[in-house]
Amino acid sequence: ADEAKGCLAGAPLLTEDDESTKVAGVFLVGPAVRHGEHSFCFVYKFRQRFGIVANAICRGLGRRDTQMAVEVARKMNMYLDDLKCCEATCGEAC
């Protein structure tokens, strides 16, 4: 297996909702979040992941009526679930 290098080395493994793959219900937010080659080391990028975590927590609590809140957050560019936009600014930039 290829090991991550640079700022990606040692990054915890997370689900696409930023939940720990080892401990269910534990989420990571902030500059330590990594997805593949993407690093969310800039505050304007990792804060856009808060909505992802909030939505996952709501779903975990049985709330299924989050679609409207997700759409509002997405329109404000505060729901970053499409990582294609990060390719130029994330990765080894940190």
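We count residues from 1, following the sequence as given. Every value quoted in this text rests on a predicted model; they were computed, and no experiment measured them.
Taken from CG in D17 to CD1 in I57, the straight-line distance is 10.0 Å, to the nearest 0.5 Å. A distance of 9.5 Å separates CG in L80 from CG in D18, rounded to the nearest 0.5 Å.
Residues F46 and V29 form no side-chain contact, since every pair of their non-hydrogen atoms from C-beta on lies 4.5 Å or further apart. Taking 4.5 Å as the limit, every side-chain heavy atom of F27 sits out of range of all side-chain heavy atoms of I52. Using a 4.5 Å heavy-atom cutoff, the side chains of P12 and L28 are in contact.
Both V53 and L61 sit in one connected hydrophobic cluster of ILVMFWY residues. Membership requires side-chain heavy atoms under 4.5 Å apart, directly or through other members.
Closest of all the heavy-atom pairs between H35 and L83 is CB-CD1, 3.8 Å.
No donor-acceptor distance shorter than 3.5 angstrom exists from the side chain of E19 to the backbone of L14, with no hydrogens or angles considered. Counting only distance, with no hydrogens or angles, the side chain of R34 and the backbone of P31 share a donor-acceptor pair below 3.5 Å.
Within 6.0 Å of the CZ atom in R59, the count of heavy atoms belonging to other residues, nucleotides or ligands exceeds 12.
At a threshold of 4.0 Å, the pair R49-D81 does not count as salt-bridged, since none of the basic side-chain nitrogens sits closer than that to a carboxylate oxygen.
V72 shares a hydrophobic cluster with M76, M78; the chain of contacts runs through ILVMFWY side chains whose heavy atoms sit under 4.5 Å apart.
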